[in-house]
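Quick note on labels: first sequence line is chain A, next is B, and so on, each numbered from 1. Any value given below was found using the heavy atoms of this structure, including those in side chains, with hydrogens, waters and symmetry copies removed. No experiment lies behind these values; they were computed from the predicted model shown.
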Amino acid sequence: AQSVSQHNHHVILSEAASLELGCNYSYGGTVNLFWYVQYPGQHLQLLLKYFSGDPLVKGIKGFEAEFIKSKFSFNLRKPSVQWSDTAEYFCAVMPKSGGYNKLIFGAGTRLAVHP
Amino acid sequence: NAGVTQTPKFRVLKTGQSMTLLCAQDMNHEYMYWYRQDPGMGLRLIHYSVGEGTTAKGEVPDGYNVSRLKKQNFLLGLESAAPSQTSVYFCASSTQGVGYGYTFGSGTRLTVV
């Protein structure tokens, strides 16, 4: 069965610290990959996405992610976090064929950034 | 530019009551989805629709029914609510092209007591 695993459920950082959130997926075919962010009390918003090409993708607000096909991973990074990055982050996988664009989400990582 | 609109935003039900959640999108998207979000479990797909008049089961369909009589609307029904259905429900829509992300609604927080 297809699944997405996010290694850290809760992360606490101080402002200016670097961030890396892990994401691994289980699927035999080719996929599109996404990171979504959910700020407190809000709906999910797209941070970045990978379809093909350069495995290092840049998203909004200084976030980037690297697709490593051999490791089935799509880790999210940011060099220097801000208090406003406090949110929950979801990794998601979309099989490229036969899936009607269905997204499979990980359980999420709650990030708290302290001033 | 409304995007995806969900109604209601909050609701409290008693066990056994029924209700319908409405999702409306104005982007002419072919695909629509209903997810539930529970702490520590991420979002799980309940039902989805790939076009007007068509629906399909997702990962956790039991206890829910859906209908898509018009392209812009996707209704989620709970016939007999149970406390296990206490959750936040998100609707999303997507174009037919492979690889496009979703546009999400703002969610419905449902509590079943």
Side-chain angles (χ1 to χ4, degrees), chain A residues 1-10 21 23-25 27 29-53 57 59-60 65 67 74 87-110, chain B residues 2-7 9-10 21 23 25 27 29-52 54-61 66 68 74 87-109:
Chain A
Q2 305 152 6
S3 65
V4 178
S5 175
Q6 292 184 238
H7 313 301
N8 313 99
H9 296 295
H10 293 92
L21 301 182
C23 173
N24 286 88
Y25 66 93
Y27 182 70
T30 54
V31 296
N32 298 312
L33 297 156
F34 302 80
W35 275 97
Y36 282 86
V37 60
Q38 185 178 32
Y39 298 104
Q42 296 187 26
H43 62 281
L44 277 75
Q45 302 171 40
L46 182 66
L47 262 185
L48 50 79
K49 57 190 177 185
Y50 172 80
F51 295 160
S52 63
V57 294
I60 61 172
F67 172 47
F74 190 54
E88 190 160 17
Y89 293 81
F90 294 93
C91 180
V93 166
M94 179 188 288
K96 283 197 176 186
S97 62
Y100 298 110
N101 290 4
K102 285 183 288 182
L103 276 174
I104 303 159
F105 286 87
T109 299
R110 283 190 185 274
Chain B
V4 177
T5 303
Q6 289 183 235
T7 53
K9 296 191 184 309
F10 303 93
L21 283 67
C23 176
Q25 54 97 359
M27 298 168 287
H29 284 172
E30 294 84 1
Y31 298 165
M32 297 186 74
Y33 314 84
W34 276 107
Y35 284 85
R36 60 177 289 174
Q37 183 182 24
D38 302 292
M41 303 187 75
L43 279 78
R44 293 179 292 168
L45 182 63
I46 305 171
H47 286 280
Y48 64 100
S49 169
V50 300
E52 183 178 317
T54 70
T55 63
K57 294 180 180 180
E59 183 185 357
V60 288
V66 288
R68 190 151 177 218
F74 193 30
S87 187
V88 180
Y89 292 85
F90 285 100
C91 177
S93 70
S94 165
T95 65
Q96 192 172 1
V98 174
Y100 288 88
Y102 288 3
T103 300
F104 279 93
S106 57
T108 296
R109 185 173 291 276

Gln38(A), Glu88(A), Arg110(A): which one forms the most heavy-atom pairs within less than 4.5 Å of chain B?
Gln38(A)
side-chain contact (heavy atoms from CB on, under 4.5 Å) for Tyr48(B) and Asn101(A)? Distances and angles first, verdict last.
CA-CA 10 Å; Tyr48(B) 64 100; Asn101(A) 290 4; over 6 Å; no
Within the supplied structure, the quantity of interest is the number of heavy atoms (other residues, nucleotides, ligands) at a distance under 6.0 Å from Arg44(B) CZ; does it exceed 12?
yes
Examine distances only and state if a side-chain atom of Tyr102(B) and a backbone atom of Leu103(A) form a donor-acceptor pair shorter than 3.5 Å.
yes
Chain B heavy atoms under 4.5 Å from Leu44(A): which part of the residue, side chain, backbone, both or neither?
both
Taking every heavy atom of Gly40(B) against every heavy atom of Ala107(A), the minimum-distance pair comes out as O-CB, 3.3 Å
Taking all non-hydrogen atoms of both residues into account, name the closest pair between Gln42(A) and Phe90(B) and its distance.
O-CZ, 4.4 Å
Taking every heavy atom of Gln37(B) against every heavy atom of Phe90(A), the minimum-distance pair comes out as NE2-CZ, 3.2 Å
Under 4.5 Å from any heavy atom of chain A - which part of Leu43(B):
both
